[in-house]
2 protein chains.
Amino acid sequence: MAYTLEDIARLAGVSRSTVSRVVNNHPSVRPEVRQRVWDVIREVGYQPHAAARSLATNRTNIIGLVIPEAVSTLFTDPFFPLLIRGITDACYTHNYHLMLALFSTPDQEEDLYNRLLKSRYLDGVVLASTRVDDLLVQRLLDDGIPFVSIGRHTDTRVSYVDVDNVAGARMAVEHLLRRGYQRIATITGPLNMAAGQDRLLGYKQALAAHRVPLDEALIQEGDFTEGGGLAAMERLLDVQPRPTAVFVASDTMAMGALRAIRRAGLEVPADIAIVGFDDVPQAAFMNPPLTTVRQPIELLGATAVDILADQVTGKTDIPQRVVLMPELVVRATG
Amino acid sequence: MAYTLEDIARLAGVSRSTVSRVVNNHPSVRPEVRQRVWDVIREVGYQPHAAARSLATNRTNIIGLVIPEAVSTLFTDPFFPLLIRGITDACYTHNYHLMLALFSTPDQEEDLYNRLLKSRYLDGVVLASTRVDDLLVQRLLDDGIPFVSIGRHTDTRVSYVDVDNVAGARMAVEHLLRRGYQRIATITGPLNMAAGQDRLLGYKQALAAHRVPLDEALIQEGDFTEGGGLAAMERLLDVQPRPTAVFVASDTMAMGALRAIRRAGLEVPADIAIVGFDDVPQAAFMNPPLTTVRQPIELLGATAVDILADQVTGKTDIPQRVVLMPELVVRATG
DNA sequence: TTGTACGCGTTATCAT
DNA sequence: ATGATAACGCGTACAA
């Protein structure tokens with residue numbers, strides 16, 4: 001059996017309350033007593049019982065990373081490991097633990113929501129890549145569970161941290177324009193996700209700013225998967241006259257696009273230039289290395305946790321919205 | 001304030017114990033009463049308080065996926081998302097929740113171990129890709145915490161689930177031999193990991209079985225990263241006579257090797273054939289598509305959880321060791 | 001079958 | 001500054 005507060009109290013010759021105060025850094029305890037108690041604690045390797053503490057404080061020190069059903073198939077995208085790294089690092093400094101909730105089906109989503117949230121396992125939630133109309137957001141709002149969304153949300157009550165997708169996309173397309181490309185296509189993300197919409201908007205803004213007419217045939221929707229990028233590129237290769245460059249809304253889709261181009265017997269960037277989005281580690285290793293818009297993925301995750309921590313501890317009452325800036329990384333594809 | 005057992009009891013006109021029995025499917029409660037209680041529960045959306053329950057039962061229904069410091073830099077490998085998928089799916093059916101523990105530094109490892117394990121947040125642990133001499137294993141053993149290792153371990157007390165790495169490597173190399181390649185190199189995984197050792201052993205066995213002399217110069221150690229694969233391949237390209245084929249112990253390293261070969265102005269598979277290991281999703285999308293040894297990564301994770309569940313619930317006393325079979329997927333690189 | 005009463009390990013309030 | 005003591009919400013012997 002493990003040690004309890006009571007054990008430590010006995011060993012240190014004080015009361016349970018005093019030990020509790022020491023453990024929680026309560027000021028009113030004599031330094032010498034505090035020292036004595038700490039000595040005992042260290043000697044026997046005492047650690048407070050998490051469940052007991054939770055029951056008393058109504059806090060678990062656990063936050064959840066929840067990934068909705070709609071996108072959990074995208075979980076293999078290198079984006080997520082990076083996001084998770086950022087999140088776990090921040091969790092460590094805030095003394096939080098991270099629970100992972102991947103929803104696979106709507107039923108499971110419902111079920112897991114109850115098991116996880118309503119049984120109060122979590123102090124708060126980081127919500128990754130939701131669709132704009134996701135019911136999860138409403139639910140969390142209704143249940144009063146603190147959460148931060150990765151990616152903007154229009155509801156004024158939700159806190160989020162996002163990258164400036166519009167600016168990023170503009171940078172990408174304007175870079176292509178500067179290099180002389182005029183017939184620039186785009187493979188978008190899912191248009192029911194904010195990131196998909198915003199990157200498309202940036203594309204349009206860039207063209208408009210440079211007085212390049214918009215050709216709807218050059219806009220193909222993707223789904224953030226490699227296969228989706230390949231399919232979208234194949235559609236793009238069919239339009240006449242063929243685009244000479246393409247802005248792809250994620251690196252993973254860019255890999256698919258590259259394959260499609262190669263498969264058609266064309267060269268990158270000679271025949272068609274590519275600019276991606278994300279700068280996942282693989283981007284630099286592609287052949288040729290991918291020109292892309294870098295978003296600070298780890299920082300995205302870490303910032304979300306920082307905000308959530310403030311929310312949970314009641315340090316702030318109002319929703320926080322922070323937008324991080326991306327940067328263009330020029331490599332060889334465009 | 002949320003509902004408690006007491007509330008439900010009052011609303012249903014029974015005692016708290018009866019409600020508890022209903023919730024926990026205890027047999028001795030009259031069907032009509034059971035029904036009435038369930039109705040109330042559903043009506044108000046009652047969910048038992050996890051912390052309270054844990055305190056009483058001494059179980060949290062949370063298991064941890066812990067990734068040691070040594071390998072957590074590999075976390076961006078597509079292997080992990082797949083493993084996590086398998087784990088989360090199995091967790092769902094076992095009614096477990098998954099906590100993610102990535103150790104970044106030795107200090108953090110020590111610290112997190114205490115915060116997480118000794119404060120009894122977890123019922124058990126899935127240990128991913130440890131080194132053979134990892135102290136973590138000893139520690140978990142000493143502390144009597146149920147755990148299952150992904151990847152074999154020599155200590156007879158540890159349960160593990162592994163893929164037959166020796167057989168997989170043999171299959172890969174024998175395939176190359178059948179295709180007529182004689183000068184076959186290998187890029188190994190880290191040789192302080194069981195998977196690294198075993199795949200190298202399989203390579204050696206295949207050569208021996210076919211009476212092909214072993215050339216130590218053709219064995220280069222990698223670290224399961226793309227950069228490591230590239231560097232190892234560059235070393236391999238320097239040996240004379242040059243290898244005509246290479247068995248690479250992970251797909252991620254294979255991508256690096258492919259780059260190195262291309263960079264040297266050579267073609268795959270015309271000049272050098274490649275066979276990888278893992279069959280991550282990207283393998284099929286490579287150019288050319290990668291011939292590789294497929295391991296059932298999701299199943300690996302799911303099986304680990306299944307075993308762990310039996311361990312935690314006391315369904316079994318003895319360490320379980322299960323080995324899954326890989327299969328060769330022949331595509332275009334070799 | 002059902003209810004009573006105690007214990008799980010903390011935190012927090014109230015005396016002292 | 002310190003020590004009793006009452007919650008926190010649940011499971012479970014034991015009694016009825």
Side-chain angles (χ1 to χ4, degrees), chain A residues 1-38 40-41 44-62 95 115 117-123 313-314, chain B residues 1-38 40-41 44-62 95 114-115 117-123 313:
Chain A
M1 230 22 208
Y3 289 89
T4 70
L5 269 192
E6 201 82 47
D7 298 326
I8 306 301
R10 199 166 18 76
L11 292 173
V14 297
S15 83
R16 195 175 64 209
S17 319
T18 300
V19 180
S20 176
R21 288 193 188 94
V22 170
V23 168
N24 294 299
N25 290 317
H26 188 98
S28 46
V29 46
R30 282 213 317 278
E32 55 189 87
V33 174
R34 181 186 303 277
Q35 186 57 50
R36 184 153 40 98
V37 172
W38 267 125
V40 176
I41 289 178
V44 305
Y46 165 79
Q47 281 282 131
H49 192 287
R53 186 175 253 184
S54 292
L55 186 56
T57 60
N58 211 19
R59 301 239 334 238
T60 61
N61 274 26
I62 303 176
N95 201 359
R115 299 215 296 228
L117 278 308
K118 305 204 87 173
S119 56
R120 278 152 295 175
Y121 268 105
L122 307 180
D123 285 346
T313 55
Chain B
M1 228 23 208
Y3 290 90
T4 71
L5 270 192
E6 201 84 48
D7 298 327
I8 307 301
R10 199 166 18 78
L11 292 172
V14 296
S15 83
R16 199 180 63 208
S17 331
T18 300
V19 181
S20 176
R21 290 194 187 91
V22 171
V23 168
N24 295 299
N25 289 316
H26 189 98
S28 46
V29 46
R30 283 214 315 280
E32 56 188 86
V33 175
R34 182 186 302 278
Q35 185 57 50
R36 185 151 39 98
V37 172
W38 267 124
V40 175
I41 288 178
V44 305
Y46 166 78
Q47 281 283 130
H49 191 287
R53 184 175 257 186
S54 292
L55 187 56
T57 60
N58 211 20
R59 302 238 334 239
T60 61
N61 275 26
I62 304 176
N95 201 359
N114 288 334
R115 299 214 297 228
L117 277 307
K118 306 203 85 173
S119 56
R120 280 152 292 175
Y121 268 106
L122 305 181
D123 285 346
T313 56

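The model shown is predicted, which means the values in this text are computed figures rather than measured ones. Worth knowing before you read on, the calculation uses all heavy atoms, side chains too, and leaves out hydrogens, waters and symmetry mates. We name chains A, B, ... by the order of the sequence lines, and we start the count at 1 in each one.
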* To do: Check each residue of residues 46-62 of chain B for a non-hydrogen atom within less than 4.0 Å of any atom in DNA chain C, then write out the ones that pass by number, or none.
  => B:Leu55, B:Ala56
* Send over the distance from B:Arg10 CZ to D:dG9 P, rounded to a whole Å. => 13 Å
* Can you list the residues that meet the side-chain contact (heavy atoms from CB on, under 4.5 Å) rule with A:Arg120, with sequence neighbours excluded? -> B:Ala2, B:His49
* To do: For B:His26 and D:dA13, give me the distance from atom NE2 to atom C1', rounded to whole Å.
  => 11 Å
* Are any side-chain N or O atoms of B:Asp123 and backbone N or O atoms of B:Asn61, one a donor and one an acceptor, separated by less than 3.5 Å? -> yes
* To do: Just jot down the side-chain contact (heavy atoms from CB on, under 4.5 Å) partners of A:Gln35, sequence neighbours excluded, or say none.
  => A:Asp39
* To do: Remember a base hit wins even if backbone is also touched, and classify B:Val14 as base, sugar-phosphate or nothing at under 4.0 Å, heavy atoms.
  => sugar-phosphate
* Quick one: label B:Ser28 by what it contacts on the DNA or RNA (base, sugar-phosphate, nothing), any heavy atom closer than 4.0 Å. => base
* Is there a donor N/O on one and an acceptor N/O on the other, under 3.5 Å, for the side chain of A:Ser20 and the base of C:dA12? -> no
* Asked: How large an angle, rounded to 10°, do the end axes of the helix from C:dT1-D:dA16 to C:dT16-D:dA1 enclose when each is built from five base pairs?
  -> 40°
* **Partners passing salt bridge (charged side-chain N to carboxylate O under 4.0 Å, His left out) against A:Arg36 (at least two apart in sequence or in another chain)** => none
* To do: Find the distance B:Glu6:CD to D:dA7:P and express it as a whole number of Å.
  => 13 Å
* To do: Tell me, please, which residues at least two apart from B:Asn58 pass side chain to side chain donor-acceptor pair (under 3.5 Å).
  => none
Might you list the N or O atoms of the protein lying below 3.5 Å from N or O atoms in nucleotides 14-16 of chain D, with each pair's distance?
none

List the atom pairs, with distances to 0.1 Å, where a side-chain N or O of residues 21-29 of chain A and a protein N or O form a donor-acceptor pair under 3.5 Å, not counting sequence neighbours.
from	atom 1	to	atom 2	distance (Å)
A:Asn24	OD1	A:Arg53	NH2	3.3
A:Asn24	ND2	A:Ser20	O	2.9
A:Asn24	ND2	A:Ser20	OG	3.4
A:His26	NE2	A:Ser28	OG	2.9

* Kindly write out the residues that satisfy side chain to side chain donor-acceptor pair (under 3.5 Å) with B:Ser54, not counting sequence neighbours, or none if the list is empty. => none
* Using a cut-off of strictly less than 4.0 Å between a heavy atom of the residue and any atom of DNA chain C, enumerate the qualifying residues of residues 30-38 of chain A by number. => none
* To do: Examine the base of D:dG9 for any acceptor or donor lying under 3.5 Å from a partner atom in the side chain of A:Arg120, and report the outcome as yes or no.
  => no
* Can you name the side-chain contact (heavy atoms from CB on, under 4.5 Å) partners of B:Arg10, sequence neighbours left out? -> B:Asp7
* Asked: Per the atom types in the model, does the base of C:dT4 pair as donor or acceptor with the side chain of B:Ser17 at under 3.5 Å?
  -> yes
* All salt bridge (charged side-chain N to carboxylate O under 4.0 Å, His left out) counterparts of B:Arg34, not counting sequence neighbours -> none
* Structure fact -> Between CG of B:Asn25 and P of D:dT12 the distance, given in whole Å, is 13 Å
* When you measure from the side chain of B:Arg16, which nucleotide among C:dT11, C:dA5, C:dG9 comes out closest? -> C:dA5
* To do: Report which part of the nucleic acid A:Leu5 touches: base, sugar-phosphate, or nothing (heavy-atom distance under 4.0 Å, all strands).
  => base
* Is there a donor-acceptor pair closer than 3.5 Å between any side-chain N or O of B:Thr60 and the backbone N or O of B:Tyr121? -> yes
